[in-house]
Structure formats: structure tokens, C-alpha cells
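What's counted below: heavy atoms across the whole structure, side chains too, no hydrogens, waters or symmetry copies.
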Amino acid sequence: MNWKSRRFSGTVSLTDKGSEVTLYGWVDTIRDHGQLLFIHIRDRSGVLQLVFDPEYNKQSYDIAQTLRSEDVIEAIGTVIERDDAAKNPHLPTGSIEIHIKSIKRLTKALTPPFIITEKELKDGEEKAEFNVDEDIRLQYRYLDLRRPSMQQHLFKRYRILKVIRDYLDKEGFIEVETPVLTKSTPEGARDYLVPSRTHEGHFYALPQSPQLFKQLLMVGGFERYFQVVKCFRDEDLRPNRQPEFTQLDMEASFIDETFIYNLIEPLITKAFEIGDIKLEGPFPHITYQESMDKYGCDRPDLRFGLEMINVTEIFKNTSYKIFQSISQSNGLIKGINIKGMADQMSKSMLQEDLAKKVIPSLGAKGMTWMKVLDGKLESNIVQFLSEDEQKNIIQQLDGQNGDVLIFIADTDHALVNDVLGRFRLYIANRLNIIPKNVYKACWVVDFPLYERKDGRLHSVHHPFTTPKVDITKITDQDELLKVTAIAYDIVVNGEELGGGSIRIHDPNIQSKIFKDLGLTPEQIEQKFGFFINAFKYGTPPHGGLAIGVDRLTSMVLGLENIREVIAFPKNRVAYCPMTQAPSPVTDDQLSDLHIRTQLTPKPESK
RNA sequence: GGGGGCGUAGCUCAGCUGGUUAGAGCGCCUGCCUGUCACGCAGGAGGUCGACGGUUCGAGCCCGUUCGUCCCCGCCA
């Protein structure tokens with residue numbers, strides 16, 4: 001390999017005119033014209049046209065005729081400027097070509113199962129969409145990765161992480177690795193377990209996050225730590241979830257939440273700059289409560305309005321039966337104003353599609369709609385509303401001509417928020433009112449410390465999160481549910497990119513939390529004994545945050561799917577079509593691990 | 001764990017009310033072609049219609065089971 005004089009195809013340009021270049025790469029495309037043959041050579045830098053002419057070099061031409069797509073070649077030739085008519089403006093190297101004096105096939109390639117080349121298209125035509133079943137792409141991931149767009153995804157992922165590492169380095173953070181074989185922790189997602197050979201009947205767990213270790217690094221006095229680290233959760237997958245995923249994990253000592261905000265905003269901004277996206281700062285802070293009230297979820301999409309407004313009071317004494325009974329039984333009525341969409345939303349769409357199909361599928365019983373026309377409300381139920389009620393509605397929802405008002409009412413407050421919040425996103429998508437190429441970041445702060453599930457308290461964030469008030473004296477569950485925590489999420493365009501908290505460094509508060517969560521002293525000792533113990537030896541106040549690298553990268557690159565920015569992801573059912581993992585192992589391996597499998601018997605068919 | 005969609009050529013898909021020899025585009029192979037870059041032209045190969053069972057004179061199509069995959073919900077401190 002003549003790697004010393006090798007040139008990368010995409011870097012050859014007009015300035016190299018007349019010089020001889022040595023190229024290595026793959027055959028991207030072949031166009032055989034009889035007595036003239038063109039080949040595009042592709043390497044990681046780009047594509048370049050090679051010209052084979054028997055009058056120029058008969059031997060090279062003869063070899064070129066035997067080449068096929070994806071053969072690996074060495075090509076040596078002279079850089080020539082193309083005639084003006086032959087220039088290709090769609091190719092970065094389209095004004096030059098290489099007249100070949102020597103061509104060698106280094107390896108032969110089978111015909112790939114799908115097309116790898118991403119040819120440039122002619123004017124006015126859409127870029128051909130790459131549309132191959134994802135399982136086939138994953139089965140031949142090494143071929144999929146050869147596609148220029150996939151290479152760009154991973155190049156940019158590297159670039160984002162490089163920018164982040166450089167920034168954190170400058171801020172005095174150091175990267176420390178933490179164990180992958182660790183202890184199973186209670187609560188949270190299911191652990192991936194790893195049986196121990198040397199400790200019969202005992203198991204390691206793969207970390208769901210390095211949470212405990214990064215806090216112990218703070219006890220260890222490192223003060224500023226970060227890590228780009230794989231985390232593992234054995235839960236059912238979703239389009240944007242992987243069983244193993246990458247987090248940018250961070251922790252710092254002697255800081256408060258404002259340190260985190262000041263640290264992370266430039267970090268996120270720099271990351272988005274890799275995708276040529278400018279984020280407007282400072283990022284607004286929205287409390288959890290405000291986010292739930294206005295947007296019905298804890299990760300608000302701020303790119304468009306449609307804020308939810310509580311109108312329960314207006315209908316306290318209404319004669320519209322549904323609203324009357326709901327408002328009088330302590331229910332909740334909320335509305336959104338879809339500005340200027342009266343023409344786009346026909347009565348049949350509102351009544352037959354949205355009210356009868358969409359809203360029930362979101363989980364609510366019904367929906368009430370009104371249009372604002374000529375300063376008045378118009379709908380199928382408006383005759384049940386008094387003049388005052390109509391006036392108040394228009395006023396509170398800022399109703400103007402052409403607006404459409406949508407209301408959801410239910411005795412279950414959480415249901416109203418949830419359904420209207422999801423409807424807000426649904427209708428914004430359907431009516432195309434989400435602006436393109438707009439990115440809105442925000443902090444969601446003041447999360448509740450606890451939530452209630454099946455009558456028991458659970459941590460909203462995790463059990464090491466500092467409450468905003470002294471909870472050591474609070475015993476009543478309803479009172480505890482009102483307590484907020486110093487916990488924060490970073491949200492962009494309605495997607496949670498990361499979150500964190502200021503941690504507890506006071507052992508008394510920590511043990512109170514464990515008690516509230518219903519852990520017995522024995523359980524605490526067994527699960528967290530080492531952790532509690534460490535905190536007795538002088539723990540600095542500390543806090544941190546973790547960012548989902550896969551999500552961040554896919555958003556920066558404008559991609560829907562995190563698998564596009566992961567070299568070797570698992571599919572939807574946590575299976576790898578390429579390696580066929582997971583797979584059975586030999587009895588000897590199991591025996592070494594003191595494990596016997598017991599498969600659930602399949603019911604006999606017939 | 002619950003609900004829904006899909007499975008036909010290497011890839012992406014069409015296939016009528018159940019009826020002769022299952023089609024298209026791309027890719028692949030052969031030949032022709034001196035300026036293409038989604039080259040063009042002519043010809044050709046390529047199918048266990050996911051699998052199993054059933055209904056029927058007859059099944060790619062209808063029914064059942066099963067496998068695979070995708071989407072939604074549960075789940076993801």
C-alpha cells in the first residue's frame with residue numbers, strides 16, 4: 001500500500017490539475033460507453049470520477065471493464081480539468097477527473113444486497129430516498145455504514161463529542177471510567193444481569209447509569225467529573241430507545257444548580273452548532289407545574305403556542321350539562337386556541353374526526369369545539385352557553401375571528417392535562433403549524449420529589465435528589481407529594497435531552513428519603529450500605545446531570561431515529577440481526593456459571 | 001403484558017370478486033455504444049408468495065395456528 005502518497009478522493013481539486021494522484025477506495029458506480037468508461041471511486045472523503053480510455057491506456061481500460069460495484073481498487077492517474085460541458089455541478093469534485101494510467105483490483109466484492117452508492121441527482125429532482133428494511137440494513141451494517149450519509153452521521157457524532165470533551169476539559173472536568181460489572185440497584189428499570197462464575201449464585205448488573213459511582217467520585221474529591229458512558233436498561237424498546245445507550249454523565253462538587261445551568265447551556269449550544277443550528281439563550285426556565293398546566297407534560301415543545309388555559313371557573317353555573325356536572329364535581333375544563341385555523345378545520349373534521357375518533361383514542365371521553373366568527377362563538381353547543389360565558393371564553397382564550405377553540409373536560413385532572421397536551425402536539429403536526437428549522441431549548445425545574453404509585457411513594461428523579469425544603473419532620477404522604485426537588489431537565493423541541501439534580505449530602509435526609517420510599521433498614525443496608533457508609537466520611541455538596549448522547553446527536557443532525565447515529569444498534573426487539581445476539585450458549589458455559597435455563601413451555605398447538 | 005399493521009424476485013413494491021404461465025421499477029448477467037455522472041439501447045436469468053394446517057374442483061388472496069418485524073399503550077427511578 002502506497003499510503004504515503006495516497007490522496008483522499010474527495011480532497012482532490014482543480015488546484016491539483018496536472019499532478020499524478022494515487023487513490024484507494026471502493027467502486028461506487030460504473031458507466032461503460034464502449035470505447036470509454038467512467039468509474040466513480042468512493043472513500044470516506046467523497047467520490048471522484050476516473051476515466052478509462054483505451055487510447056490512453058489499453059491495459060487499464062481492459063481491467064476496468066472487469067470491475068464491479070464495491071470492488072476495492074487502487075487507481076493511479078493524472079488530474080485533468082473537465083471540459084466545461086462535461087463538468088458536474090452536483091459533485092464536489094465534478095470539475096475534475098482522473099485519467100487512469102494504472103488500476104488494480106485489491107479485493108473483489110459480491111453484489112451487495114442493497115445499493116450503497118448515494119449518487120447525486122439531476123436538477124429539480126428529489127434526492128432518492130434510501131428505503132431498505134431496517135433489519136436488512138442491520139444485518140449488513142458494515143455495508144450500510146459504507147453509505148456516505150451514515151459515515152457523515154458518525155463523523156458528526158464524533159465531532160459533537162469532541163467539542164463537548166474539549167469544552168469540559170477547559171472547564172476543569174476530567175473523564176473517569178466507572179465499572180460496567182457492578183451491583184444490581186433496586187427501583188428503576190430492569191437490570192441486565194451477568195452471572196458470576198467465581199461467586200456461585202451471585203450476579204453482577206450492568207449499570208443503568210453510573211449514578212452511585214459518580215457521587216462516590218465526589219466523595220473521593222475529584223470535584224469535576226464527566227464520562228461518555230454506555231448505560232443499560234432491560235426494558236421494552238421504543239423507536240427512540242436502545243437497550244444500551246450512551247450518556248454524557250457529569251458531576252461537580254461545591255456547586256448549586258446555577259452552576260449546572262451555566263455549564264450546560266454553552267455545551268448544548270456548541271453541540272447544536274455542529275449541525276449549523278443556533279440555539280437562542282439564555283434558555284428559559286419553566287417550572288414543572290407551569291409546564292404541566294400549559295403544555296400537559298414535563299417536556300414542553302415551545303416552538304408553537306397552543307397553550308392550555310384553565311376555564312373551569314367560567315362554567316361553574318353553566319347550563320351546558322357536561323361542563324356543569326364536571327365543574328361542579330371538582331373537575332377540570334381546559335381549552336386551547338388554534339389561531340386562525342377555522343377555514344382549515346371543517347365542522348365534519350371537528351365533529352366526526354377529532355371529537356369522535358382522535359380524542360377518544362387519546363383517552364378522553366369527548367371534546368367540545370367552538371369557532372370564533374364575527375366576534376361570536378359558533379358551534380353545535382353554543383346555544384347552551386350564556387352571553388357572559390361566551391364573552392368570558394373569548395376573552396380568556398384571546399379569541400379572534402377565524403380561531404378554533406378546543407376544550408377537554410373531565411373529573412380526572414391529570415387526564416385532562418395529558419389528553420389536551422397530546423392533542424396539542426397532534427393537531428400542531430396535522431395542521432403543520434410547527435415551524436421548520438426552529439429549535440427551542442428550555443430548562444424544566446422544580447420537579448416534585450415524589451410521585452404516588454399504587455399508594456406508595458416513588459422518587460420522580462432518583463432517591464439521591466435534594467428536596468427543596470426540610471422533609472425530616474414531614475410524615476403525611478399528601479404533604480410529601482407537594483415537596484419539590486432541586487432537579488432539572490434540559491428539553492429541546494419537546495424532547496428531553498438530559499436531566500439531573502443537586503444530590504443529598506446529609507445522611508439524615510438520605511435515610512428519611514429511603515424511609516419514605518418504604519425501604520427497611522435491612523434493605524437499605526443491603527442495597528446502599530457501601531454508599532451510605534461512604535457519605536459518613538465527609539461528603540461535599542454536589543450535583544450533576546446526564547445527557548442522552550444518542551438523542552442529542554440525532555436531534556442535532558435532524559434525524560428521527562437514534563439508530564441512525566449508532567454504529568451497531570439493536571433492532572426494535574433488542575436483537576442484533578448481524579451477530580444474532582442474544583443467542584443460546586453451550587451447556588458447559590452454563591455449567592461454569594452454575595446456571596440451568598428453564599424455558600417457559602410453549603402451549604401445544606391443537 | 002395488551003392492541004394494531006406488514007411479510008410476494010437481491011432491494012422497493014403492485015397483484016381485481018378465489019380461476020390459465022405471479023408482475024413492475026431498480027439491481028444483477030450478456031451484447032452494443034467515445035463524454036457519462038440516476039448514461040442509453042437490446043436481450044436474459046432470477047419466486048418454497050414467511051412457515052404449518054384447514055376450507056375449496058381450484059388459495060399469493062378466505063379461515064386457524066405459528067414465526068419474524070414495525071407502530072401504539074403498559075414499562076423506561
Between [X] ([atom1]) and [N] ([atom2]), how many Å, whole number?
{"X": "A:K570", "N": "B:C76", "atom1": "NZ", "atom2": "P", "result": "22 Å"}
{"X": "A:R238", "N": "B:C75", "atom1": "CZ", "atom2": "P", "result": "10 Å"}
{"X": "A:R82", "N": "B:C37", "atom1": "CZ", "atom2": "P", "result": "11 Å"}
{"X": "A:R563", "N": "B:U69", "atom1": "CZ", "atom2": "P", "result": "12 Å"}
{"X": "A:R241", "N": "B:C72", "atom1": "CZ", "atom2": "P", "result": "10 Å"}
{"X": "A:R137", "N": "B:G10", "atom1": "CZ", "atom2": "C1'", "result": "17 Å"}

| said: Could you check, using the six-membered ring where one of them is a Trp, whether A:F464 and A:F528 have ring centers closer than 6.0 angstrom? | reply: yes
| request: Taking the six-membered ring for Trp and the full ring for Phe, Tyr or His, determine whether the centres of A:F52 and A:F38 are under 6.0 Å apart. | output: no
Contacts under 3.5 Å, N or O only, protein and nucleotides 12-14 of chain B:
residue: B:U12; atom: OP1; partner: A:D133; partner atom: N; Å: 2.5
residue: B:U12; atom: O3'; partner: A:N131; partner atom: ND2; Å: 3.3

Should [N] form a Watson-Crick or G-U wobble pair with both distances under 3.5 Å, which nucleotide is its partner?
{"N": "B:G68", "result": "B:C6"}
{"N": "B:A42", "result": "B:U30"}
{"N": "B:G74", "result": "none"}
{"N": "B:C62", "result": "B:G54"}

| Rounded to the nearest 0.5 Å, how far apart are OG1 of A:T484 and CG of A:L449? | 8.5 Å
| Looking at NZ of A:K87 and CD of A:E97, how far apart are the two atoms once the value is rounded to the nearest 0.5 Å? |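 Reported value, rounded in 0.5 Å steps: 10.5 Å.
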| task | Please determine, for the side chain of A:A86, which listed nucleotide (B:C26, B:G35, B:C72) has the closest atom? | result |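 Side chain of A:A86 sits closest to B:G35.
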Reckon [X] has a side-chain N or O less than 4.0 Å from the OP1 or OP2 of [N]?
{"X": "A:N88", "N": "B:U36", "value": "no"}
{"X": "A:R572", "N": "B:C71", "value": "yes"}
{"X": "A:R31", "N": "B:U34", "value": "no"}

| query | Quick one: the side chain of A:D83 and the base of B:G35, do they pair up donor-acceptor inside 3.5 Å? | reply | no
NA contact type, [X], heavy-atom cut-off 4.0 Å: base, sugar-phosphate, or nothing?
{"X": "A:K453", "answer": "sugar-phosphate"}
{"X": "A:E496", "answer": "nothing"}
{"X": "A:V460", "answer": "sugar-phosphate"}
{"X": "A:D135", "answer": "sugar-phosphate"}

Are the charged groups of [X] and [Y] less than 4.0 angstrom apart, N to O?
{"X": "A:D234", "Y": "A:R190", "answer": "no"}
{"X": "A:D71", "Y": "A:R68", "answer": "no"}
{"X": "A:R551", "Y": "A:E496", "answer": "no"}
{"X": "A:D133", "Y": "A:R137", "answer": "no"}

Span that lies between the [atom1] atom of [M] and that of [N], in whole angstrom:
{"N": "B:G18", "M": "B:A9", "atom1": "P", "answer": "23 Å"}
{"N": "B:G31", "M": "B:U17", "atom1": "P", "answer": "45 Å"}
{"N": "B:G64", "M": "B:G47", "atom1": "C1'", "answer": "26 Å"}
{"N": "B:C72", "M": "B:G60", "atom1": "C1'", "answer": "29 Å"}
{"N": "B:G74", "M": "B:C67", "atom1": "P", "answer": "25 Å"}

| query | Ring-on-base stacking between A:H33 and B:C39, under 5.5 Å between centres and under 30° between planes: is it there? | reply | yes
| query | Does the side-chain ring of A:F38 lie flat on the base of B:U36, meaning centres under 5.5 Å and planes less than 30 degrees apart? | reply | yes
| So, A:S9 versus A:R7: side-chain donor-acceptor pair below 3.5 Å or not? |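 No donor-acceptor contact under 3.5 Å links the two side chains.
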| said: If I compare all heavy atoms of A:H542 with all of A:I504, which pair ends up nearest, and what's the gap? | reply: CE1-O, 4.2 Å
| note | On a heavy-atom basis, the closest approach of A:S554 and A:N561 is CB-O, 4.1 Å
| said: For A:Q59, is the CD atom crowded, meaning more than 12 foreign heavy atoms sit under 6.0 Å from it? | reply: no
| request: Kindly indicate, with the supporting measurements, whether the criterion side chain to side chain contact (heavy atoms under 4.5 Å, CB included) is fulfilled by A:Q139 and A:E134. | output: CA-CA 8 Å; A:Q139 185 185 345; A:E134 202 176 17; over 6 Å; no
Using atom names, set out every protein N or O paired with an N or O of nucleotides 28-32 of chain B below 3.5 Å, distance rounded to 0.1 Å.
residue: B:C29; atom: OP1; partner: A:R68; partner atom: NE; Å: 2.7
residue: B:U30; atom: OP2; partner: A:R68; partner atom: NH2; Å: 3.2

| said: When you measure from the side chain of A:D16 to the backbone of A:S13, do you find a donor-acceptor pair of N or O atoms at a distance under 3.5 Å? | reply: yes
| query | By a strict heavy-atom criterion of less than 4.0 Å, which residues belonging to residues 49-60 of chain A are in contact with RNA chain B? | reply | A:Q49, A:E55
